[in-house]
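Here the structure is laid out as structure tokens; the discussion comes afterwards.
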Protein chains: 2
Amino acid sequence: MQECLSASEQEYLKTVLLVQQKTGHVTIQALAARMEIKPASVSAMIRRLAQDEDAQGAYVMHTPYQGVTLTRRGEKVAMELLRHQRLLELFLATTLDMSWEQVHDEAEHLAPFISEDLEERIAARLGHPARDQHGDPIPSREGIVDLTDDMPLSALEVGMQAKVVRVPDEDPALLRYLATLGLIPGAWITVEARTPYGDILTVRMGEATHPLAGEVARGVSISAMSRRSAQASLEEQERKHEKFLT
Amino acid sequence: MQECLSASEQEYLKTVLLVQQKTGHVTIQALAARMEIKPASVSAMIRRLAQDEDAQGAYVMHTPYQGVTLTRRGEKVAMELLRHQRLLELFLATTLDMSWEQVHDEAEHLAPFISEDLEERIAARLGHPARDQHGDPIPSREGIVDLTDDMPLSALEVGMQAKVVRVPDEDPALLRYLATLGLIPGAWITVEARTPYGDILTVRMGEATHPLAGEVARGVSISAMSRRSAQASLEEQERKHEKFLT
DNA sequence: TTATAGTATTAGGTGAGCCTAACTTAGAGT
DNA sequence: ACTCTAAGTTAGGCTCACCTAATACTATAA
Ligand SMILES: [Mn+2]
Ligand SMILES: [Mn+2]
Ligand SMILES: [Mn+2]
Ligand SMILES: [Mn+2]
């Protein structure tokens, strides 16, 4: 039952998962680009991960010239690594005050090497968190993550309000920019307008409004549960106020 | 100036340092035994580390069939790795309450992979400690460690008293045993007797006395500065008492 | 002094994980 | 249907870090 893959193999499986989540289709090229490895090498590794040597099942399905899909077994490995990575991110950020972007690289380096016990102790110390500091969900020890409640900010209609639950953590500069806007997990955001051309969303956070590129808006997640019209939101406030008066 | 050796190469250099400190002479065999790697492989690696490819100097000196010595350059790498390892040991032990023996393995695994920045943050968080929890000295960032004040417990004469500063951390069972005796860093110890045959020291810690194998006594370090006759110790107590009365 | 045991080295081989260069395939445009 | 391009694969080669087996050296005991 104990998976014993190399750091490199785990890295590949993780990337398959992330590319799948981001684009819906995993090509050799996409993996190569993301990992900064030549397609020939990726091809070879995927072939290996698609083989079922130990009769325990393969890690990926691969139809040559088509695409790559994770099997449940491969997905578990990927989730496991993501769990390590995100627990480490949060731990380094909270316990050692490392900056967001630094944390990302350090956690990525260390993730394949921490023991299950250290993982568990970090998780316990952090109170078994469900998300890291950018809102990236932390998979359970069983390799499960529930994202049914997440949707992209870009899917919000004009006039709707919702709570930000996740920002993209890949680009440090973007992360810093979003932070200056106050666009961080936990913030409430209202979509004020959407341009017909150029794919720009105007969003309100508190008093300030900001234009947001569609590309960026698609990378930010909001909680579907928190979604409501700005009108409804005002009425809610009203109700609270009344309650307060009585 | 930035050394960029593989985890494996660093591991070899560290082991050369430790074997040197322990036995005074570093053979291929000793390295092989300690690292659980075949002598042929060790031989090859030492040859590489003894070469001066980049004209920056070699990491070790090697006289075939004789022995291996660290150059200052190699020593720095080894010290650097030991610093990582011992800072991690202390950090994991204090921050995450991991047990002594677990900490050792985890720290050894992670040491080659933490960044200089993480090292520095851990050091700062711990208050730039000089020793880890077993009393192993933590080298400075410059790769320097001052051991002039340390001497083996076995060198203590009968009737002498001294403070324990280090216990061997390689064998978890031994570590636990020493802990049950109260033989831990910071403890005061008096040598009561020494058998003429069998190499056994009888030592007193507080009220209790215990026989200690010479092998074990050679592995425990005391502070040379704290060394004094038990008589002197009694007099000191006497003085303190008098001072207290006035 | 020479035989021998123990230690070290060399020669040759393996798998992981990358590379480049050459070839194959799929899909889109003419 | 044919052609061209982009994507994917295969072939062959490299380094690293290990291995085994064969050989060479050293030091000690006869
Ligand atoms: Mn884990
Ligand atoms: Mn993150
Ligand atoms: Mn360092
Ligand atoms: Mn230690």
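In what follows, chains carry the letters A, B, and so on, assigned in the order in which the sequence lines appear, proteins first and then strands, with residues in each chain numbered from 1. Worth knowing before you read on, the calculation uses all heavy atoms, side chains too, and leaves out hydrogens, waters and symmetry mates.
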Contact under 4.0 Å: Ser41(B) side-chain N or O vs dC19(D) OP1/OP2: yes
More than 12 heavy atoms from other groups under 6.0 Å of CE on Met35(B): yes
N/O (side chain, His62(B)) to phosphate O (OP1/OP2, dA8(C)) under 4.0 Å: no
With Val167(A), the side-chain contact (heavy atoms from CB on, under 4.5 Å) member among Val165(A), Val164(A), Asp169(A): Val164(A)
Between dC16(D) (C1') and Leu5(B) (CG): distance, integer Å: 13 Å
Atom pair distance, as rounded to whole Å: CD1 in Ile37(B) and C1' in dC19(D): 11 Å
Whole-Å gap separating C1' (dC19(C)) and CE (Met35(A)): 15 Å
Ser6(A) side chain near dG17(C) phosphate (N/O to OP1/OP2, under 4.0 Å): yes
Pair Ser140(B)-Glu142(B), side-chain donor/acceptor within less than 3.5 Å: yes
Under 4.0 angstrom between Gln29(B) side-chain N/O and dG6(C) OP1 or OP2: no
Rounded interatomic separation in angstrom, taking CD1 from Ile46(A) and C1' from dG8(D): 12 Å
Under-4.0 Å side-chain N/O to phosphate OP1/OP2 contact, Gln66(A) with dA26(C): no
Whole-Å distance separating the CD atom of Glu53(B) from the C1' atom of dC16(D): 12 Å
Under 4.0 angstrom between Arg48(A) side-chain N/O and dG15(C) OP1 or OP2: no
Ring geometry between His104(B) and His134(B) (parallel below 30°, tilted from 30 to 60°, perpendicular above 60°): perpendicular
Toward the 5' end of DNA chain C, by each residue's nearest nucleotide, Lys38(A) or Tyr65(A): Lys38(A)
Separation of atom CD in Gln10(B) from atom P in dA17(D), rounded to whole Å: 11 Å
Spacing of Ile28(A) atom CD1 relative to dT10(D) atom P, expressed in whole Å: 10 Å
Residue met sooner reading DNA chain C from 5', once Ala7(A) and Ser43(B) are mapped to nucleotides: Ser43(B)
Distance test, side-chain N/O of Arg47(A) to OP1/OP2 of dT10(D), below 4.0 Å: yes
Touch class at under 4.0 angstrom, heavy-atom based, for Ser8(B) against every strand present: sugar-phosphate
Integer-rounded Å distance: dG8(D) P and Met45(A) CE: 17 Å
Touch class at under 4.0 angstrom, heavy-atom based, for Ala44(B) against every strand present: nothing
Glu116(A), CD atom: more than 12 neighbouring heavy atoms under 6.0 Å: yes
